[in-house]
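Below is one structure; the comments refer to it alone.
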2 protein chains.
Amino acid sequence: MALRVSEVAQQAGVSADAVRFYEKEGLLPSPPRSPAGYREYDATIPHRIRFIKGAQEMGLKLAEIGELLEIQDRGACPCGHTKTLVERRIAEIDAEIDRLSSLRTGLAGLAELECSATTESDLWACEAEFRKRR
Amino acid sequence: MALRVSEVAQQAGVSADAVRFYEKEGLLPSPPRSPAGYREYDATIPHRIRFIKGAQEMGLKLAEIGELLEIQDRGACPCGHTKTLVERRIAEIDAEIDRLSSLRTGLAGLAELECSATTESDLWACEAEFRKRR
DNA sequence: GTAAACCTTGGAGTGGACTCCAAGGTCAAG
DNA sequence: CTTGACCTTGGAGTCCACTCCAAGGTTTAC
């Protein structure tokens with residue numbers, strides 16, 4: 001009935017090492033142990049791990065996900081807190097998209113340059129050209 | 001006449017530790033030393049460091065910048081190589097922008113949800129909702 | 001009975017670009 | 001002559017989310 005660490009890992013799509021790591025970091029509760037000391041998980045744990053992975057894909061850090069889970073485990077709804085984290089993350093994403101967009105523009109201009117391998121065109125010239133174009 | 005490590009660092013806008021680090025990584029030549037063993041840089045080095053920082057801002061890794069500088073130091077024009085790196089980097093940026101954009105869409109939807117702190121709305125509900133919206 | 005396939009633990013290693021530290025040497029000013 | 005600001009080196013620490021390992025114990029299959 002009870003799931004072993006690698007079964008949980010396989011169901012959640014992560015490694016057994018990762019499951020133990022999440023436990024060590026406090027994202028998963030310490031499960032009961034078999035007489036031999038093996039971890040015995042109940043069937044809800046893979047769900048919890050998939051939540052962790054989902055939140056991670058949204059760009060949240062393990063520490064942040066841990067906070068959310070902690071609030072949740074205390075019986076409260078962490079949605080307000082989640083919203084704060086999500087909004088902060090959206091702001092970060094917007095900043096990052098802006099940064100990457102202007103970077104892309106700069107690089108695309110650089111790539112277009114006629115910078116054939118003749119004597120005077122060199123790396124510094126490329127870079128000087130790039131600077132001009134900003 | 002010769003510049004000391006912290007003067008170079010200050011002119012280039014980096015730390016003295018970073019200058020020594022670049023030397024160790026092969027991005028800067030080992031400069032001549034004073035009788036006491038102090039590094040003595042010529043005036044072109046801050047320019048080289050600013051180039052490194054510029055290339056870094058474009059998202060190139062130190063190892064890649066090192067390759068470029070090595071070609072350059074051998075007297076060849078690294079522009080062809082640069083172009084390859086730049087084009088690869090543009091592709092990475094495009095992929096990253098796409099990823100962030102769809103992430104943003106998902107998160108924005110999540111943030112809009114009426115997920116007030118009543119009994120049944122919890123983290124898992126938020127997440128289930130998020131999954132539906134993809 | 002033995003081999004394969006699990007499980008346990010603690011601890012080290014990864015990448016990237018540094019930063020910080022200790023323990024000592026050097027140099028100019030007052 | 002001492003204070004303080006520089007310089008040298010090697011090596012450790014940072015962040016993040018793991019992964020990999022060794023050295024052992026357990027369980028399962030044949």
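The sequence lines fix the lettering, A, B, ..., with proteins before strands; numbering per chain opens at 1. All values below come from the heavy atoms of this structure, side chains included, with hydrogens, waters and symmetry mates left out.
- For B/Lys53 and C/dC18, the shortest distance from a side-chain N or O to OP1 or OP2 is below 4.0 Å.
- Distances shorter than 4.0 Å separate none of the side-chain N or O atoms of B/Ser6 from OP1 or OP2 on D/dC6.
- With values rounded to the nearest 0.5 angstrom, B/Ile97 atom CD1 is found 8.5 Å from A/Leu103 atom CG.
- In this structure, the nucleotide among C/dT19, D/dT19, D/dT8 sitting nearest to the side chain of B/Phe21 is C/dT19.
- Put simply, B/Arg39 has no side-chain N or O that comes within less than 4.0 Å of OP1 or OP2 on D/dC6.
- Rounded to a whole Å, the OH atom of B/Tyr22 is 8 Å from the C1' atom of C/dA17.
- Across the protein-nucleic acid pair, B/Glu40 atom CD and C/dT26 atom P stand 15 Å apart, rounded to whole Å.
- Look at CZ on B/Arg20: it is 14 Å from P on C/dC18, rounded to the nearest Å.
- Taking atom CD on A/Glu64 and atom P on D/dC15, their separation rounds to 15 Å, with Å as the unit.
- Distances were taken from every side-chain heavy atom of A/Asp17 (C-beta onward) to each of C/dT9, C/dC18, D/dC20; the shortest belongs to D/dC20.
- Each of B/Arg4 and B/Lys61 has a nearest nucleotide on DNA chain C; the 5'-most of these lies closest to B/Lys61.
- Atom CZ in B/Arg33 sits about 13 Å away from atom C1' in C/dG25, given to the nearest Å.
- Between B/Lys53 and B/Tyr22, the shortest heavy-atom contact is NZ-OH, 3.4 Å.
- We find that CD1 of B/Ile52 is positioned 12 Å from C1' of C/dA17, with the value rounded to whole Å.
- Nearest-nucleotide positions on DNA chain D for A/Leu60 and B/Val5 put B/Val5 closer to the 5' end.
- For A/Ala36, taking side-chain heavy atoms from C-beta onward, the closest of the listed nucleotides D/dT26, C/dC18, C/dT9 is D/dT26.
- Nearest to the side-chain atoms of A/Gln56 among the listed nucleotides C/dC18, D/dA17, D/dT8 stands D/dA17.
- Heavy-atom distances to DNA chain D give each of A/Ala18 and A/Ser34 a nearest nucleotide, and the one nearer the 5′ end belongs to A/Ala18.
- Taking side-chain N and O atoms only, A/Tyr38 has no distance below 4.0 Å to OP1 or OP2 of D/dG25.
- Taking CD from A/Glu64 and CD from A/Gln56, the interatomic distance works out to 11.0 Å, rounded to the nearest 0.5 Å.
- Atom CG in B/Leu3 sits about 15 Å away from atom P in D/dC6, given to the nearest Å.
- As rounded to whole Å, 11 Å separates atom P of C/dC7 from atom CD of A/Gln10.
- Sorted by first and then second residue, the salt bridge (Lys or Arg N to Asp or Glu O under 4.0 Å) pairs involving residues 96-107 of chain B (not counting sequence neighbours) are A/Asp94-B/Arg104, B/Glu96-B/Arg99.
- The salt bridge (Lys or Arg N to Asp or Glu O under 4.0 Å) pairs that include a residue from residues 12-22 of chain B are B/Asp17-B/Arg20, where partners are two or more places apart or lie in different chains.
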